[in-house]
Protein chains: 2
Amino acid sequence: MTSDRRRIHPRKQPRQARAELTRQRILDAAAHVFGEMGYAAGTTNRIAERARVSIGSLYQYYPNKDAILLELVTRHLDEGRQALERLREETLPGTLAGIFRAHVRIVIDNHRDDPHLLQVMAEQAPRASEVLDRVSRYERERVAYVEELLTRHPDARVRDTHVAARLIVATVELLVHQLTAAPDPVEAGRLENELVAMVTRYATGGGAV
Amino acid sequence: MTSDRRRIHPRKQPRQARAELTRQRILDAAAHVFGEMGYAAGTTNRIAERARVSIGSLYQYYPNKDAILLELVTRHLDEGRQALERLREETLPGTLAGIFRAHVRIVIDNHRDDPHLLQVMAEQAPRASEVLDRVSRYERERVAYVEELLTRHPDARVRDTHVAARLIVATVELLVHQLTAAPDPVEAGRLENELVAMVTRYATGGGAV
DNA sequence: GGACGACCTGAACAATTGCTCACAATAGTG
DNA sequence: CACTATTGTGAGCAATTGTTCAGGTCGTCC
């Protein structure tokens with residue numbers, strides 16, 4: 001069923017410039033509509049309407065509604081992944097607090113565009129879909145990174161590095177989501193400071209920061 | 001529109017025992033279906049089917065789908081609220097860590113039944129509805145409680161008590177959600193210890209636990 | 001400039017959903 | 001038993017949704 005449909009919908013590479021433009025307009029509109037109304041209420045017709053594109057065009061570029069969200073998620077995760085990759089190469093030495101600060105800053109920056117959209121991605125996303133797979137794969141990568149950090153860095157004092165890493169990654173990600181998308185959002189700079197303090201004190205076993 | 005419907009649907013108090021039973025069956029089924037499939041895919045017909053009750057009966061007890069989720073949420077929040085109330089009366093003295101531990105334990109216990117359902121409540125809940133109002137009101141109560149604690153308790157060392165309280169409440173709530181509903185959940189006892197450590201070290205300014 | 005393919009259009013379809021209503025079954029009362 | 005109120009039933013309606021398709025418009029290249 002679904003695989004047949006996918007065969008009927010082999011979206012091609014655009015040959016003309018306007019095609020790429022249309023594609024981008026659809027994606028922007030989808031980001032806005034999903035962020036504003038959530039995934040369920042963000043209908044494809046509404047997305048097409050906001051993109052000033054016919055519904056037919058939308059389905060020329062995306063085989064179904066899920067695919068739109070999937071691309072949105074993929075792009076977002078890739079940005080985060082790249083930023084973390086850069087961080088990993090640049091800053092080999094440094095205090096734990098400094099490393100965590102860079103980490104936190106990346107996550108905050110990565111969410112600055114549209115916090116509500118990201119909330120949709122993490123929450124309203126269809127269950128058990130490829131979207132969730134990608135999100136959790138990305139999460140596992142980050143946990144692995146932090147776990148290695150906790151193992152290697154001399155300031156780190158935790159018993160179970162794996163559980164601690166899971167705690168830290170989840171804390172940073174979830175609190176940034178929650179506290180920047182809240183009706184009364186915490187200011188970014190302060191949020192960064194508090195998150196760094198929290199996570200660092202936890203990882204250093206309550207010792208000096 | 002909606003208000004007219006509500007007038008047509010003044011659900012009465014049940015006069016016979018079987019009515020209360022049916023109501024409970026519907027609620028249990030809804031909890032299961034929502035937890036399993038999410039809010040959008042958890043259709044009223046599916047709920048009725050699982051409750052072994054006709055769809056008509058379901059609508060005799062709940063005016064619409066939202067009302068079912070609302071009751072589920074209300075009950076859950078009330079349980080948490082009552083538990084916190086009891087805590088507040090019992091334990092006036094104690095170390096910060098001890099108080100936080102009691103707090104964390106309540107949240108974990110409150111989620112033990114069906115972690116996935118709670119995820120639905122917090123996430124898939126219809127946007128800008130009464131459900132969200134209740135959730136955020138409960139959250140504000142907890143923030144106020146923690147804020148007062150941070151102000152009064154001698155061990156607490158934080159600059160901005162309000163922001164710190166928001167961080168702490170959000171951390172406990174979100175991490176319990178995330179790490180008990182994950183595919184590879186963290187064991188409850190360990191989660192409690194780690195959360196208490198994290199929050200306490202944060203609140204005491206990195207000093208001794 | 002004509003012709004072919006890339007691109008775009010939007011009315012309409014099939015499927016699904018929340019929900020209603022006319023009726024049936026059951027419990028309580030005398 | 002008969003009568004009424006309470007509770008239960010489920011086919012089907014109205015509305016909405018994701019998606020398709022027959023046919024247009026536009027760009028590009030000979």
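Just so it is clear: chains get the letters A, B, ... in the order the sequence lines come, proteins before strands, and each one is counted from 1.
- In terms of modelled atom types and a separation under 3.5 Å, the side chain of B:His153 and the main chain of B:Gly94 share a donor-acceptor contact.
- For D:dG10, the OP1/OP2 oxygens have no side-chain nitrogen or oxygen of B:Ser54 closer than 4.0 Å.
- Across the protein-nucleic acid pair, B:Arg25 atom CZ and D:dT9 atom P stand 8 Å apart, rounded to whole Å.
- Donor-acceptor pairing under 3.5 Å is lacking for the side chains of A:Glu71 and A:His76.
- When the side-chain nitrogen and oxygen atoms of B:Tyr61 are compared with OP1 and OP2 of D:dG8, one or more of them lie within a distance under 4.0 Å.
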*Would you give a per-nucleotide map of nucleotides 22-30 of chain C, 5' to 3', where B means the base has a protein non-hydrogen atom under 4.0 Å away, S means only the sugar-phosphate does, and - means neither?*
----BS---
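- Contact record, B:Tyr59 with B:Asn64: CE2-CA, 3.9 Å, taken as the closest heavy-atom pair.
- Each of A:Thr95, A:Asn193, A:Thr200 was compared with A:Arg101 under the side chain to side chain donor-acceptor pair (under 3.5 Å) criterion, and only A:Asn193 meets it.
- Remark: B:Phe34 engages B:Tyr39 in a ring-ring contact (aromatic ring centres under 6.0 Å, His included) (not counting sequence neighbours).
- Taking atom CD on A:Glu20 and atom C1' on D:dG27, their separation rounds to 17 Å, with Å as the unit.
- When the C1' atom of C:dT17 is taken as reference, atom CG of B:Asp66 falls 13 Å away, rounded to whole Å.
- Only one option out of A:Val107, A:Ile108, A:Ile106 pairs with A:Val104 in a side chain to side chain contact (heavy atoms under 4.5 Å, CB included); it is A:Ile108.
- Between A:Val176 and A:Leu191, the shortest heavy-atom contact is CA-CD2, 4.2 Å.
- Separating the CZ atom of B:Arg23 from the P atom of D:dT6 is a distance of 16 Å, rounded to the nearest angstrom.
- What separates CG of A:Asn64 from P of D:dT19 is a distance of 5 Å, to the nearest Å.
- Of all non-hydrogen atoms in B:Ile68 and B:Ala30, the two that sit nearest each other are CG2-CB, 3.4 Å.
- Between the NZ atom of B:Lys65 and the C1' atom of C:dT20 there is a distance of 18 Å, given to the nearest Å.
- For D:dT9, the OP1/OP2 oxygens have a side-chain nitrogen or oxygen of B:Ser57 closer than 4.0 Å.
- When every heavy atom of B:Thr44 is checked against every heavy atom of B:Leu58, the shortest pair comes out as O-CD1, 3.6 Å.
- When rounded to the nearest whole Å, the span between CG of A:Leu58 and C1' of D:dT19 equals 10 Å.
- For the segment residues 43-50 of chain B, the set of residues with a heavy atom within less than 4.0 Å of an atom of DNA chain C comprises B:Thr43, B:Thr44, B:Asn45, B:Arg46, in numerical order.
- Each of B:Ala19 and B:Ile55 was assigned the nucleotide of DNA chain D with the nearest heavy atom; the assignment lying further toward the 5' end belongs to B:Ala19.
- Considering only side-chain N and O atoms, B:Tyr59 lies nowhere under 4.0 angstrom from the phosphate OP1 or OP2 of C:dT20.
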